[in-house]
Every structure is written in structure tokens, then in C-alpha cells.
Amino acid sequence: MQTLRRIPYYHQILSDMEQKGEQFVSSKYLAHFFHVDDTQVRKDVSVIGYKGKPKSGYSVSGLKGAIGDFLGINTENTAILIGVGRLGSALIEYPGLSEYGLKLVAVFDSNPVKQDKVIGGFTVLPMESLKRVIQSFDVGIAIITVPKNAAQGVCDLVVEQNIKAIWNFAPTQLSASADVTVRNENMAVGLALLSHYLKKRKAESAIFA
Ligand code: ATP
């Protein structure tokens, strides 16, 4: 796993430690979560640009703050969500989004049956309101939780409105112009990789049995 992929996990670990009232953390402790050595953790921390005290360890809140600045999650990002099905509803009600600096401002669905329903304090809006809302709230991120056959169309719609960051939960690879960042949260791919890994492990243990 590369540095950039470890950094958000450091943030999560430090948040948990902060909640437990712990003040210092060693690079060795952070390293054990990732099967790397403490030298690697110190390298990662230097990428973030945080100066720690090697003897007593890093300050939990100091390092967490520095990672937050590095990732840009200490400043609030405004987001909308499109597709208020089961996954979309769960995300709307998930308090973790705001903990990571994501401020949901509106949710949309093309199904008239869903419109006007209130989920997690949000009235579900029709797609026709998309343009108005994106412009008036200066929305930065679009979260896509529509089925896969609708996802590219929704992606195109939000990109047309100048959205530059997309968090896609539909199990499909979205294409957008190079200035748009698309983060695919593909559970199917995650599961396929795990299953491939398990299969490989089984084959290896059969060889060495
Ligand atoms: P439910 O059965 O309650 O709709 P679900 O999670 O099984 O839940 P999905 O078929 O995954 O539903 O669809 C997710 C949501 O996306 C639905 O609420 C659906 O109305 C909405 N949706 C589908 N196509 C579009 C679209 N093009 N634009 C906006 N929303 C859409």
C-alpha cells in the first residue's frame, strides 16, 4: 500500500485514539496496522509535513490535524447525493460523512414516488432542481448512488454543472474529462479482489500441504 493510501487510515486511527483520551502515538504503533516498519511511518509523516517528537512519539491531535490539512478534510466540502435507494439512504443518515468534512446540502432522485419524502432531514428533490442547487450552494462533490445503468448519465449531468469531484458507489467505471476526479467505491471490485486473494492462499497452502 502506498503512502497516500495509508494516510486516511492514520487519520481514522488517530481519531479513535483521541476519543479514548490518548495523547501520544509511536510510529511503531501506527506501523503495526499496515504490516510496514516504523521507518515507513516516519517517511509517511514527513510527506504530510508534520514534525514530531521522536522520543515521546507524535502528538495524537497534532498529527491528526496535520493529516486533516493535508487531505483537505479540515475544511468543509459541500456535497449532493443522487439516488435515494437503500445505499443512498444509508449514506444520507451516516454521521461519518460530516466527521470527514463532508456537508451534504441536498439529495435527489428521478423517481416521483421518492420525491418529497424526507430522509435524514433532507427532502428528496427532483432532478430538475439539480442545476439550481449546485449553483446556489457552490457544490464541490456529487455522490452517486443510482443503479449502474443510470450512473454515467448522472455523472454527465453533474459534470455539465461544473462538478469536479465524484464519489461513485454504482458498480461501474465512470468516464469523465481529465479535470474531474472520480473515486469509484466499488464493492464488487473489493469483493472480487478479496475472493481472488483467498483463492490464491488456498492454492498456495495446497502446494505446501
Ligand atoms: P429502492 O428499491 O428503494 O429504489 P434500491 O437501492 O434497490 O432501493 P436502486 O435500484 O439501486 O434502488 O436505485 C437507487 C436509487 O436511484 C433509486 O431510488 C432510484 O429511483 C434512483 N435512480 C435511478 N435512476 C436514476 C437517475 N437516472 N437519476 C436519479 N435517480 C435515479
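Just so you know, ligand 1 is whichever comes first in the structure, and atom 1 is the first atom listed for that ligand.
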Problem set entry | Cationic N near anionic O, under 4.0 Å, D38 to R42 | yes

Task: Residue pair I163 / V139, side-chain heavy-atom distance below 4.5 Å - done: yes

Counting from 1 in the order shown, the ligand 1 atoms closer than 4.0 Å to a non-hydrogen atom of I82 are 29 (C)

Scan side-chain atoms only and decide if D16 and Q12 contain a donor-acceptor pair under the 3.5 Å cut-off.
-> no

Exercise. Should the pair Y29 and F33 be assigned to parallel (<30°), tilted (30 to 60°) or perpendicular (>60°) ring geometry?
Worked result: perpendicular

Ranked by distance from atom 16 (O) of ligand 1, the top protein heavy atom is G83 CA, 3.4 Å

of all protein heavy atoms, closest to atom 27 (N) of ligand 1 is A150 CB, 3.6 Å

Min over K114, Q115, R86 of heavy-atom distance to atom 3 (O) of ligand 1 lands on K114

closest protein heavy atom to atom 12 (O) of ligand 1 is G85 CA, 4.1 Å

Looking only at protein heavy atoms, what sits closest to atom 21 (C) of ligand 1 is D109 OD2, 3.3 Å

Atoms of ligand 1 under 4.0 Å from any heavy atom of V84, numbered from 1 in the order shown, are 15 (C), 18 (O)

Using side-chain heavy atoms (C-beta onward) and a distance below 4.5 Å, is L63 in contact with Y10? no

Please tell me if the side chains of L174 and Q152 come closer than 4.5 Å, counting only heavy atoms from C-beta onward. yes

Ligand 1 atoms nearer than 4.0 angstrom to some heavy atom of N111 are 20 (O)

When rounded to the nearest 0.5 Å, the distance separating CG of N168 from CG of N184 is 5.0 Å

Check: Can you find a non-hydrogen atom of T145 under 4.0 Å from ligand 1?
Finding: yes

Under 4.0 Å between heavy atoms, the region of V146 that gets near ligand 1 turns out to be both

Could you see if V146 belongs to whatever hydrophobic cluster contains V159? Use Ile, Leu, Val, Met, Phe, Trp, Tyr and a side-chain cutoff under 4.5 Å. yes

In this structure, atom 9 (P) of ligand 1 is nearest to the protein heavy atom P147 CG, 3.9 Å

The closest protein heavy-atom partner of atom 31 (C) of ligand 1 is S110 OG, 3.2 Å

